[in-house]
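Here the structure comes first, spelled out in structure tokens, and everything after it is commentary.
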There are 2 protein chains.
Amino acid sequence: MSTLTSPKKEQILTAATRLFHERGYHATSVRDIADAVGIQGGSLYAHFESKDDVLWDIVNLSADAFFAALDPVIRSNRDTNAKLRDAIIAHIGVITRDLDAAAVYTTEWRHLATERRTEFSARRDAYESLFRDLVRVGIREGFLSPVDEAYGTLFILSALNYVYLWFRPEGRMSSEAVARMMADFIFDGLRRRTT
Amino acid sequence: MSTLTSPKKEQILTAATRLFHERGYHATSVRDIADAVGIQGGSLYAHFESKDDVLWDIVNLSADAFFAALDPVIRSNRDTNAKLRDAIIAHIGVITRDLDAAAVYTTEWRHLATERRTEFSARRDAYESLFRDLVRVGIREGFLSPVDEAYGTLFILSALNYVYLWFRPEGRMSSEAVARMMADFIFDGLRRRTT
DNA sequence: CCATAATACTAACAAACGTTCGTTAGGAGC
DNA sequence: GCTCCTAACGAACGTTTGTTAGTATTATGG
């Protein structure tokens, strides 16, 4: 086994990701997904044990991408200021690289079966707390205002997470430009400063 | 007819709003809603013509609340600086007053029937453009940085709209305190300033 | 006190749902 | 040439879905 997923399985995941984003999990039938890859509804069960498994794979692959992007940033030797900015850039990068996956990761995970929803929720919390650690250290080092670290982190992630709603790869702004803009908004706010 | 909605109709809307928030529109059946108010599934159709009508009423009542809260702010004679801050406070107020409704307004409107989804989308755009007008004038008057007004507005509304995810009425922060905090985040950012 | 709505019930509908079934076609490996 | 495996098929399963019909019950107003 040289690949983690067979080509057909990946096709199914890609199609399901798009459909779950467009219509939502419960408004997408197994037959819809199968149609999109040119097979019958029942044939999907040669690759997945259940519809829930498809969603589970999608959101976890997406979570993997977020962790993988953040990890080198946290391990780096840069100062907290730069780390937090890099973390924002990395996070936006994951979102813009696959908008469908980001949307499903952000909104559709709630429709996982109960046990998995709990488990996934913990993964999201773990990711959030990596960001919160950066905020905490940033405050302690005096780089950030002494805000409530939890609410400050939620503010950052709220602003970032919903970039998938309006970002368009063919638009006039690159992923990097968006990331820089968001970082500036978050660190400096919208108020004009008379320097 | 002295009231816009009969008491039972309001009970149904309240229950449906909570269930649509908790489980999502498609994961909530008509029988679920009926159970929550103590009637049979079919009896719901004495009050609504369809399930879609229930969602339609919920999101439009919520939209009404957002417009009603923003209107006096825009009509006031205060300067743009104060207006934008008041708009943020008003917006947060609507969200915290009914978290379920805010959640359905923000996420479940996508499951409206096609025609209504388009119509509702226009209402959301209209609301957003009222905010954008404030941002534009704020920039022109020199109160705000010369950012892209569209992205600046999306930044504000992203940060505000998802307060429903973590705000708890019984928590340690009041709606007003949250609104002040968010306004400070948005205007001044998280970076520490050495005054 | 009766006419007339409004509201509720029960039962049923057709359609769609996720899933399972037995079967089959086509390679791969011995 | 035979077996095994995978992936697909088409049909069916039992359940749930939104909705409707016919009927009963409850309130209301003249």
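Each chain gets a letter, A, B and so on, in the order the sequences are listed, and its residues count up from 1.
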- Query: Given atom OH of B:Tyr25 and atom C1' of D:dT17, what is their separation to the nearest angstrom?
  - Reply: 11 Å

- Message: Quick check for you: among D:dA7, C:dC17, C:dT19, whose closest atom lies nearest to any side-chain atom of A:Ala46?
- Response: D:dA7

- Query: Taking NZ, NE, NH1 and NH2 as the nitrogens, is one of them in A:Asp86 or A:Arg78 under 4.0 Å from a carboxylate oxygen of the other?
  - Reply: yes

- Message: Rounded to whole Å, please give me the gap between CZ in B:Phe48 and C1' in D:dG18.
- Response: 15 Å

- Query: Starting at NZ of B:Lys51 and ending at P of D:dT17, how long is that distance when rounded to a whole Å?
  - Reply: 8 Å

- Note on the structure: Whole-Å distance, A:Asp35 CG to D:dG10 C1', equals 14 Å

- Between CD1 of A:Ile12 and P of D:dT6 the distance, given in whole Å, is 15 Å

- Message: What is the separation between atom NZ on A:Lys9 and atom C1' on D:dA8, rounded to the nearest whole Å?
- Response: 16 Å

- Given C:dA8, D:dA8, D:dT19, the nucleotide with the shortest approach to the side chain of A:His47: D:dA8

- Task: Could you state the atom-to-atom distance from CG of B:Leu44 to C1' of C:dA6 in whole Å?
- Result: 15 Å

- Query: Quick one: do the B:Asn161 and B:His91 side chains pair a donor with an acceptor below 3.5 Å?
  - Reply: yes

- Item | Rounded distance in Å - CD (A:Gln40) to P (C:dG22) | 19 Å

- Using heavy atoms to find the nearest nucleotide of DNA chain C for A:Asp52 and B:Gly38 separately, return the residue whose nucleotide is more 5′. B:Gly38

- Between A:Arg31 and A:Ser43, whichever has its closest DNA chain D nucleotide further toward 5' is A:Ser43

Please list every donor-acceptor pair under 3.5 Å in which a side-chain atom of residues 17-24 of chain B meets a protein atom from a residue at least two apart or in another chain.
{"unit_1": "B:Thr17", "atom_1": "OG1", "unit_2": "B:Leu13", "atom_2": "O", "d": "2.6"}
{"unit_1": "B:His21", "atom_1": "ND1", "unit_2": "B:Asp100", "atom_2": "OD1", "d": "2.6"}
{"unit_1": "B:Arg23", "atom_1": "NH1", "unit_2": "B:Asp32", "atom_2": "OD2", "d": "3.0"}

- Query: Name the one of B:Phe120, B:Phe67, B:Trp56 that satisfies ring-ring contact (aromatic ring centres under 6.0 Å, His included) with B:Tyr105?
  - Reply: B:Phe120

- Closest to the A:Ile39 side chain: C:dC17, D:dC9, D:dT19? D:dC9

- Of all the choices, D:dC9, C:dA8, D:dT20, which nucleotide is nearest to the side chain of B:Tyr45 once you look at every atom? D:dT20

- Message: Assess whether a salt bridge exists between B:Arg132 and B:Glu128, defined as any Lys/Arg side-chain N lying under 4.0 Å from an Asp/Glu carboxylate O.
- Response: yes

